[in-house]
Enquirer: 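Sharing a structure with you now.
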Number of protein chains: 2
Amino acid sequence: MAITKTDTKEKIVSFATQLIETKGYNGFSYQDIADELGIKKASIHYHFPSKEDLGIAVFEAFMKGVHEHIAQIDFESLTAAEKLAGYFQYHAEVTLVKNHDASDCSHISCIGALTSEWNNLPEKMREQIDNFNNWHVGFVASIISDGVAKKEFCHVGSVEGQALLIIAATKGALLLSREKTSIEIYNQITRQLIEGLKCK
Amino acid sequence: MAITKTDTKEKIVSFATQLIETKGYNGFSYQDIADELGIKKASIHYHFPSKEDLGIAVFEAFMKGVHEHIAQIDFESLTAAEKLAGYFQYHAEVTLVKNHDASDCSHISCIGALTSEWNNLPEKMREQIDNFNNWHVGFVASIISDGVAKKEFCHVGSVEGQALLIIAATKGALLLSREKTSIEIYNQITRQLIEGLKCK
DNA sequence: GACAACCTACCTTTGGGTAGGTAGAATGCA
DNA sequence: TGCATTCTACCTACCCAAAGGTAGGTTGTC
């Protein structure tokens, strides 16, 4: 029966996600999680033998959340600008609001935090992150292409270049928001991105 | 006489800068520097009693470089687009080329690396970083204002918003370039930023 | 002799990780 | 049904390496 199964494993992943968002992969320890959950370090090693295993699980849960979110969107009913706005909002929500206080800006997104630590990550995690970022560029590019096809967006340069710009700016915007402890910075930057794409 | 003075202290700051750019403030140790310079850990503590002291020295050297670079620019002779292009190039050079191999993308800028580690930094370093970022926004905003006044730029939204966008995108662009080990990503993103500002 | 610039030798704390034990639930089978 | 076995999810008690940092000595130059 599922009743007997404990939810410790999910709790570990959940709290580790928060720790990665706030302190980074190399900035948290098994002890941090043990203290929070009221268990011993060795119990975490039982569920995740090495820290790399935990890091991979955290990122997989993150990707699952992103893909599930996208799967439920009714793309047909939205303008390209609305899609982008939704993307930006989700990015903020998953980072700043979901499970957390809306006014708490101490988190940055999982993918942003891990990309920042690129040179200090285990090889397997780098592969995951690289794959996700590749998919990510394609996803944003498809929204832009759509907007251009509908004559809603009049972009300059290549679609891929615009997608890269949006992804780079989003990562940077979360960093600045955290520093300034104000989501307004993030909102301001993302609004600019959408306005910059619209036909005048 | 200056001849007798050793240059160990400068070498420490220089190598620590590279370590921060590649592995972050919390990702390097005194031992890393000792090994590189062929001295003992305790000798580094002689010059910089605590790691925080070293971190502050590194950031001060970084800021000094930026301000010296700006002081030598003949702003009168440049268009706003040229100023921005120069800014982007300096940002890349100070990170990727100066002292390093031009094809080596394993570094991100000092300010970018430290902003990424915001929650793990000593208070004094946060103050430095915050001050620099404030100045930074003002500096970029002044270039944009100038471009608008000369009718070279037709920006959308506020000047400050555009400046924030540029700074955020630049930070993110360096992260992506490092991940992809290609400066082309950075160049592509910064080109888009300039094109986006120009009047059509 | 004083001082700068190192050194050796040490300390404490924390990191990831392991070995081996145990209580209790689930399962196999006579 | 009853009992033995196995498995899950923890535990205590370690290990070793590396971290930042300190105390106090040595060496060479003014």
Side-chain angles (χ1 to χ4, degrees), chain A residues 1-20 22-59 61 113-114 117 119-126, chain B residues 1-20 22-59 61 113-114 117 119-126:
Chain A
M1 297 268 181
I3 300 166
T4 57
K5 213 182 140 198
T6 64
D7 57 350
T8 305
K9 195 166 181 175
E10 287 98 279
K11 279 183 184 164
I12 293 169
V13 171
S14 169
F15 192 63
T17 302
Q18 292 194 42
L19 287 170
I20 287 177
T22 49
K23 315 209 293 176
Y25 177 76
N26 289 288
F28 82 93
S29 72
Y30 272 33
Q31 194 59 56
D32 295 331
I33 299 174
D35 292 344
E36 170 74 16
L37 301 190
I39 57 175
K40 296 294 162 183
K41 230 176 54 171
S43 308
I44 305 172
H45 279 284
Y46 166 75
H47 292 288
F48 302 98
S50 80
K51 198 180 180 185
E52 183 177 346
D53 296 320
L54 176 54
I56 288 169
V58 165
F59 197 73
L114 293 171
E117 289 185 275
N119 284 340
N120 299 333
L121 296 177
E123 189 53 36
K124 269 195 147 183
M125 291 185 70
R126 289 199 207 183
Chain B
M1 295 264 188
I3 301 167
T4 55
K5 215 182 141 198
T6 64
D7 56 353
T8 303
K9 194 167 182 174
E10 287 99 278
K11 278 182 182 164
I12 292 170
V13 171
S14 168
F15 191 63
T17 302
Q18 293 194 41
L19 288 171
I20 287 177
T22 50
K23 316 209 292 176
Y25 177 75
N26 290 289
F28 82 92
S29 71
Y30 271 33
Q31 194 60 55
D32 294 332
I33 299 173
D35 291 344
E36 170 75 15
L37 301 189
I39 57 176
K40 297 294 162 181
K41 229 175 54 172
S43 308
I44 305 172
H45 279 285
Y46 167 75
H47 292 288
F48 302 98
S50 79
K51 198 181 180 185
E52 181 176 348
D53 296 321
L54 176 54
I56 288 168
V58 165
F59 198 73
L114 293 171
E117 289 185 275
N119 284 339
N120 300 332
L121 296 176
E123 189 53 37
K124 266 195 151 183
M125 291 185 70
R126 290 200 206 182

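Note on naming: letters A, B, ... go to the chains in the order of the sequence lines (proteins, then strands), and numbering restarts at 1 for each one.
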Enquirer: To the nearest angstrom, how far is A/N120 atom CG from C/dG16 atom P?
Expert: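 Atom CG in A/N120 sits about 13 Å away from atom P in C/dG16.
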
Enquirer: With a 3.5 Å cut-off and just heavy-atom distances, do the side chain of B/K51 and the base of D/dG21 make a donor-acceptor pair?
Expert: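 Checked by distance alone, the answer is no.
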
Enquirer: Just wondering, do A/F48 and A/V13 contact through their side chains at under 4.5 Å, heavy atoms?
Expert: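 Counting from C-beta outward, A/V13 and A/F48 do come under 4.5 Å.
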
Enquirer: If you only use heavy atoms from C-beta on, which nucleotide in C/dG16, D/dG20, D/dT12 is closest to the side chain of B/Y30?
Expert: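 Nucleotide nearest to B/Y30's side chain: D/dG20.
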
Enquirer: Please state whether the phosphate of C/dA5, meaning OP1 or OP2, lies under 4.0 angstrom from any side-chain nitrogen or oxygen of B/T8.
Expert: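 It does not, given that no N or O in the side chain of B/T8 lies less than 4.0 Å from OP1 or OP2 of C/dA5.
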
Enquirer: Would you give the length of the straight line joining atom CZ of B/F59 to atom NZ of B/K124, rounded to the nearest 0.5 angstrom?
Expert: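 One gets 14.5 Å once the value is rounded to the nearest 0.5 Å.
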
Enquirer: Quick one: closest heavy-atom pair of B/A34 and B/K41, and the distance?
Expert: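 Where B/A34 meets B/K41 most closely, the heavy atoms are CB-N, 3.8 Å.
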
Enquirer: How many Å lie between CD1 on A/I44 and C1' on C/dT18, as a whole number?
Expert: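 It is 15 Å, rounded to the nearest whole Å.
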
Enquirer: Please state how far atom CG in B/D32 lies from atom C1' in D/dA19, giving the value in whole angstrom units.
Expert: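 After rounding, the reported distance stands at 11 Å.
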
Enquirer: Separation of B/I33 atom CD1 from D/dG20 atom C1', in whole Å?
Expert: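 Distance, rounded to whole Å: 12 Å.
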
Enquirer: Choose from D/dT12, C/dC7, D/dA19 the nucleotide whose nearest atom is closest to any side-chain atom of A/A42.
Expert: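 Nearest to the side-chain atoms of A/A42, counting from C-beta on, is D/dT12.
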
Enquirer: In this structure, how many angstroms lie between the P atom of C/dG17 and the CD atom of A/Q31, rounded?
Expert: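 One finds 14 Å between P of C/dG17 and CD of A/Q31, rounded.
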
Enquirer: Could you tell me whether the phosphate oxygens of D/dC11, OP1 or OP2, come under 4.0 Å of any side-chain nitrogen or oxygen in A/S43?
Expert: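 Checking D/dC11 against A/S43, a side-chain N or O does come within under 4.0 Å of OP1 or OP2.
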
Enquirer: Considering non-hydrogen atoms only, spot the tightest contact between A/G27 and B/N120 and give its length.
Expert: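 Shortest heavy-atom contact: CA-ND2, 4.3 Å.
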
Enquirer: Any heavy-atom pair between the side chains of B/K40 and B/Y46 that's under 4.5 Å?
Expert: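 Result no, sub-4.5 Å side-chain heavy-atom pair not found.
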
Enquirer: Using a cut-off of 4.0 Å on non-hydrogen atoms, how would the nucleic acid contact of B/F28 be classed: base, sugar-phosphate, or nothing?
Expert: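 Here B/F28 touches the backbone only, sparing every base.
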
Enquirer: Round to a whole Å and report the spacing from NZ of A/K9 to P of D/dC10.
Expert: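 Interatomic distance, NZ of A/K9 to P of D/dC10: 11 Å.
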
Enquirer: Within the structure, does a side-chain N or O atom of A/H45 lie under 4.0 Å from either OP1 or OP2 of D/dC10?
Expert: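 No, A/H45 has no side-chain N/O under 4.0 Å of OP1/OP2 on D/dC10.
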
Enquirer: Determine: side-chain N/O of B/S50 to OP1/OP2 of D/dG20, distance under 4.0 Å, yes or no.
Expert: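 B/S50 to D/dG20 OP1/OP2: no side-chain N or O under 4.0 Å.
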
Enquirer: Measure from CZ on A/F48 to C1' on D/dA9 and round the result to the nearest Å.
Expert: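 A/F48 atom CZ is separated from D/dA9 atom C1' by 13 Å.
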
Enquirer: Once you round it to whole Å, what is the distance between P of D/dA19 and NZ of B/K41?
Expert: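 For the pair B/K41 NZ and D/dA19 P, the rounded distance is 7 Å.
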
Enquirer: Looking across every strand, which nucleic acid part, if any, lies under 4.0 Å from B/Y46 by heavy atom: base, sugar-phosphate, or nothing?
Expert: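 Since a base atom lies under 4.0 Å of B/Y46, the category is base.
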
Enquirer: What nucleotide, of D/dA9, C/dC6, D/dC11, holds the atom closest to the side chain of B/H47?
Expert: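 That would be C/dC6.
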
